[in-house]
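One structure is given here, and the rest of the page talks about it.
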Amino acid sequence: MTAASAPTGTPLSERTTDELRALHADFSAQYEALAARGLKLDLTRGKPSAEQLDLSGELLSLPGAGNFRDQAGTDLRNYGGPLGLPELRAIFAGPLRVPVGQLLALGNASLALMHDVIVQALLHGVPDGVRPWSGEETITFLAPVPGYDRHFSICERYGIRLIAVPMTEEGPDAEVVRSLLATDPTIKGMWCVPVYSNPSGVVYSERIVRELVSAPAAPDFRLFWDNAYVVHHLTDARPEPIDVLALAAEAGHPNRPFIFASTSKVTYPGSGVSFFGGSQANIDWIVRNMSVQTIGPDKINQLRHVQLLRDEAGVEAHMARHRAILEPKFDAVDAIFRERLAPFGAGTWTKAAGGYFVSLDVADGCAKRAVALAGQAGIAVTPAGATFPYGDDPRDRNIRIAPTFPALDELRAALDGFSTAVLLAETEALLAR
C-alpha cells in the first residue's frame with residue numbers, strides 16, 4: 001500500500017500577495033541559477049540503470065557451448081515448443097498465481113504481447129464473443145488513471161475509445177467500474193496493473209479484484225491484467241499475490257482475465273521473456289492464433305534465464321539485489337520532495353512500496369508549466385498528461401517521476417531542480433489570478 005505524503009507547511013495558496021511576490025522572486029533566482037548550469041538529466045522513462053543490468057551479466061555467457069537441451073532432453077536450437085520452456089514457466093507460476101499448464105513463456109516484451117492480443121481480438125474475437133471486435137461499431141476500454149501511457153497508446157492506435165476511471169487506495173473505483181459496465185455494452189476491456197500500479201504504486205485489494213471479476217459486463221469483456229511489477233518490492237512488506245484466475249472462475253467468468261508479465265525489469269529489457277496466463281479456453285485461443293504467426297519462441301534465451309534465476313527463491317534473491325540499488329533512489333524522491341515542496345504545501349506524492357514510479361500531484365493547472373520549465377533547464381520529465389488517455393489530464397496536475405535510471409547523485413540534482421520548477425510554476429499561477 002502506498003501512502004501519500006502530506007504538505008507540512010503553509011500552502012502557497014494561503015500566502016499573501018506580498019509573500020507570493022517575494023517567493024516568486026526567490027524561486028526565479030533559483031531557476032535562473034539552475035538553467036545556467038547547463039544540466040542534461042532525464043527522469044522520463046522507468047528504465048533499469050546500468051548497475052541493475054550488471055546483475056544479469058551472466059546471461060551473456062549462458063547457456064554456454066554445447067548446452068542447448070532442457071530437462072526433458074529436447075534440443076532447444078530447433079523449431080517447436082510453442083508454449084515456452086516448462087522450467088521457466090514453473091519458476092514464474094508461483095508469483096503470478098497461474099498454473100504452469102496455463103502459463104506461456106513467449107517473446108521478449110509483454111507490451112508486444114498485449115498489442116498482439118488486442119489485434120487478435122479485433123481480427124478474430126475472443127472466447128465468449130459473438131464476433132470479432134472489429135465488427136462492433138465502437139470498442140471501449142476502461143483506463144484507471146493515473147495510468148500507463150503505453151497501454152493507452154495501443155488503444156489509441158486502433159481507434160479503441162478510452163474512458164478514464166479514478167484510482168483509489170485499493171485499486172480502481174469499483175462503483176464507477178460497475179456502473180460503466182452495466183450501462184455501456186461497448187466496453188470490451190480494462191487495463192489493470194494490480195501490483196504497484198504505474199505510476200501510483202497502488203496494490204489492488206482482494207475486494208476490488210472480486211468486484212472486477214464479478215461485475216456484470218459484456219460476455220467477451222476482458223481484464224488486461226498487466227502484472228509487470230509483481231516481484232519488484234522495495235520494502236519487507238510483501239503483498240500476497242491475488243489469484244485472479246481462481247476468483248474469476250469462482251465468479252462464473254473464468255475467461256475474463258488475460259494475464260501478462262515479463263522479465264524486462266528483472267533481467268534485460270531488450271532480451272527478456274514475456275508471459276501470458278489465462279483460463280484453458282484463453283490459452284487454447286492464443287496458441288491457435290499464434291500458430292500462424294510463429295513456430296515457437298526463443299527457447300535458448302529462456303534456457304539461459306532458467307540457468308540464471310534457477311527457481312522461485314532465485315528470483316527473490318535476484319530482486320533483493322535490485323532493491324538494494326533502487327531503494328535509496330526512491331528514498332531520495334521522498335526526502336527531496338519533503339525538503340523542497342512540503343514547506344510550501346506544493347504537491348502530494350506517493351511513497352512507493354514497489355514498482356518503478358512515483359506519482360506526484362501539483363496544484364491544478366500547473367503540471368504542464370512545471371514540466372516545461374524543467375525541460376528548459378535541462379531536466380527531462382515525462383510529459384504532463386501522459387498518465388491519462390489521449391494525454392489529457394483534465395486537472396493538469398499529475399506528473400510521473402521515474403527515478404530508476406540516473407545515478408543517485410544525478411537523481412538528487414534532477415529532483416532538486418525539478419522542485420524549483422514546480423515551485424516557480426505554482427507561484428506564477430497564483431500571482432496570475
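Note: hydrogens, waters and symmetry copies are ignored here, and every other heavy atom, side chains too, is used. Predicted, not measured: the structure shown is a model, and the values here were computed from it. For reference, positions follow the sequence shown, starting with 1.
Within the structure, salt bridge (charged side-chain N to carboxylate O under 4.0 Å, His left out) contacts touching residues 250-259 (residues at least two apart or in different chains) are Arg210-Glu250. The salt bridge (charged side-chain N to carboxylate O under 4.0 Å, His left out) analysis of residues 92-113, with sequence neighbours excluded, yields the pairs Arg97-Glu240. Residues in residues 401-411 take part in these salt bridge (charged side-chain N to carboxylate O under 4.0 Å, His left out) pairs, two or more places apart or across chains: Asp409-Arg412. Residue pairs meeting the salt bridge (charged side-chain N to carboxylate O under 4.0 Å, His left out) criterion with at least one partner in residues 32-54, sequence neighbours excluded, are Arg45-Asp149. For the ring-ring contact (aromatic ring centres under 6.0 Å, His included) condition, the pairs that include at least one residue of residues 239-259, sequence neighbours left out, are Phe224-Phe258, Phe258-Phe276, Phe258-Trp285.
Qualifying side-chain hydrogen bond (donor to acceptor under 3.5 Å, both in side chains) partners for Tyr390, counting only residues two or more places apart in sequence or in other chains: none. For Arg157, there are no salt bridge (charged side-chain N to carboxylate O under 4.0 Å, His left out) partners at least two apart in sequence or on another chain. Residues meeting the side-chain hydrogen bond (donor to acceptor under 3.5 Å, both in side chains) test with Ser56, sequence neighbours left out: His318. For the side-chain hydrogen bond (donor to acceptor under 3.5 Å, both in side chains) test, no residue two or more places apart in sequence or in another chain qualifies with Asn198. Asp243 pairs by the salt bridge (charged side-chain N to carboxylate O under 4.0 Å, His left out) definition with nothing, not counting sequence neighbours. A search for side-chain hydrogen bond (donor to acceptor under 3.5 Å, both in side chains) contacts involving Trp191 returns nothing, not counting sequence neighbours.
Separation of atoms SG (Cys155) and CD1 (Ile163) is listed at 11.5 Å; rounding is to 0.5 Å. The structure places CG of Leu20 at 11.0 Å from CZ of Phe344, a figure rounded to the nearest 0.5 Å. Remark: Met319 CE to Leu309 CG distance equals 9.5 Å, nearest 0.5 Å. Put simply, CZ on Phe92 and CZ on Phe275 are 4.5 Å apart, with the number rounded to the nearest 0.5 Å. Interatomic distance, CG of Asp392 versus OG1 of Thr387, reported as 10.5 Å (0.5 Å rounding). Distance CG/Leu308 to OH/Tyr268: 8.5 Å, rounded to 0.5 Å.
With 3.5 Å as the limit, one finds no donor-acceptor pair spanning the side chains of Arg400 and Ser359. Between the side chains of Thr140 and Arg161, at least one donor N or O sits under 3.5 Å from an acceptor N or O. No hydrogens or angles considered: a donor-acceptor pair under 3.5 Å links the side chains of Ser279 and Asn255. Checked by atom type, the side-chain pair Arg89/Gln102 shows no donor-acceptor distance below 3.5 Å. At a cut-off of 3.5 Å, with distance as the only test, a side-chain donor of Asp284 or Gln280 sits close to an acceptor on the other residue. A donor and an acceptor atom, one from each side chain of Asp116 and Gln293, are located under 3.5 Å apart.
The backbone N or O of Gly147 lies less than 3.5 Å from no partner atom in the side chain of His151, so there is not a single donor-acceptor pair. Within the 3.5 Å criterion, the main-chain N or O of Pro199 finds no donor-acceptor partner in the side chain of Ser197. For Gln302 (side chain) and Leu106 (main-chain N/O), a donor-acceptor pair under 3.5 Å exists by modelled atom type. Under a 3.5 Å cut-off, the side chain of Arg222 and the backbone N or O of Met190 do not form any donor-acceptor pair.
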Under the side chain to side chain contact (heavy atoms under 4.5 Å, CB included) criterion, do Glu170 and Arg207 qualify, and how do the steps go? CA-CA 8 Å; Glu170 55 175 329; Arg207 181 186 75 83; 2.7 Å; yes

Salt bridge (charged side-chain N to carboxylate O under 4.0 Å, His left out) between Asp298 and Arg304, worked out: CA-CA 10 Å; Asp298 183 348; Arg304 64 178 183 163; over 6 Å; no

Between Ile242 and Leu247, does a side chain to side chain contact (heavy atoms under 4.5 Å, CB included) hold up when you go through it step by step? CA-CA 8 Å; Ile242 293 176; Leu247 294 182; 3.6 Å; yes

Checking Tyr158 against His115 for the ring-ring contact (aromatic ring centres under 6.0 Å, His included) test, could you report, in this order, the C-alpha distance in whole Å, the side-chain angles of both residues, the deciding distance, and whether it holds? CA-CA 10 Å; Tyr158 292 105; His115 170 277; 5.4 Å; yes

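Across every non-hydrogen atom of Asp173 and Glu175, the tightest pair is OD1-N, 3.1 Å. Nearest heavy atoms, Ser49 versus Thr404: CB-O, 3.6 Å. The shortest heavy-atom contact between Asn282 and Pro127 is OD1-CG, 3.6 Å. Between Val100 and Pro86, the shortest heavy-atom contact is CG1-O, 4.4 Å. Here the shortest heavy-atom pairing between Glu312 and Gly94 reads OE1-CA, 3.8 Å. The shortest non-hydrogen separation linking Leu303 to Asn67 is CD2-O, 3.7 Å.
Salt bridge annotation for Asp331-Lys351: present, with a cationic side-chain nitrogen under 4.0 angstrom from a carboxylate oxygen. Residues Asp334 and Arg338 are paired through a salt bridge, judged by an N-O separation under 4.0 Å between the basic side chain and the carboxylate.
Residue Glu19 places its CD atom among more than 12 non-hydrogen atoms of other residues, nucleotides or ligands, all under 6.0 Å distant. Open room surrounds CZ on Arg310; 12 or fewer heavy atoms of other groups in view lie less than 6.0 Å from it.
When Asp393, Thr382, Asp361 are each tested for a side chain to side chain donor-acceptor pair (under 3.5 Å) with Asn398, only one passes: Asp361.
Between Tyr204 and Trp225, the ring centre distance stays below 6.0 Å. For Tyr356 and Phe405, the ring centers sit 6.0 Å or farther from each other.
Ser214 is listed as a side-chain neighbour of Arg178, based on a closest heavy-atom distance under 4.5 Å.
Taking the six-membered ring for Trp and thresholds of 30 and 60 degrees, His232 and His322 have ring planes inclined between 30 and 60 degrees apart.
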Can you give the donor-acceptor pairs under 3.5 Å from side chains of residues 368-379 to other protein atoms, not counting sequence neighbours?
unit_1, atom_1, unit_2, atom_2, d
Arg369, NE, Glu428, OE1, 2.8
Arg369, NH2, Glu428, OE2, 3.1

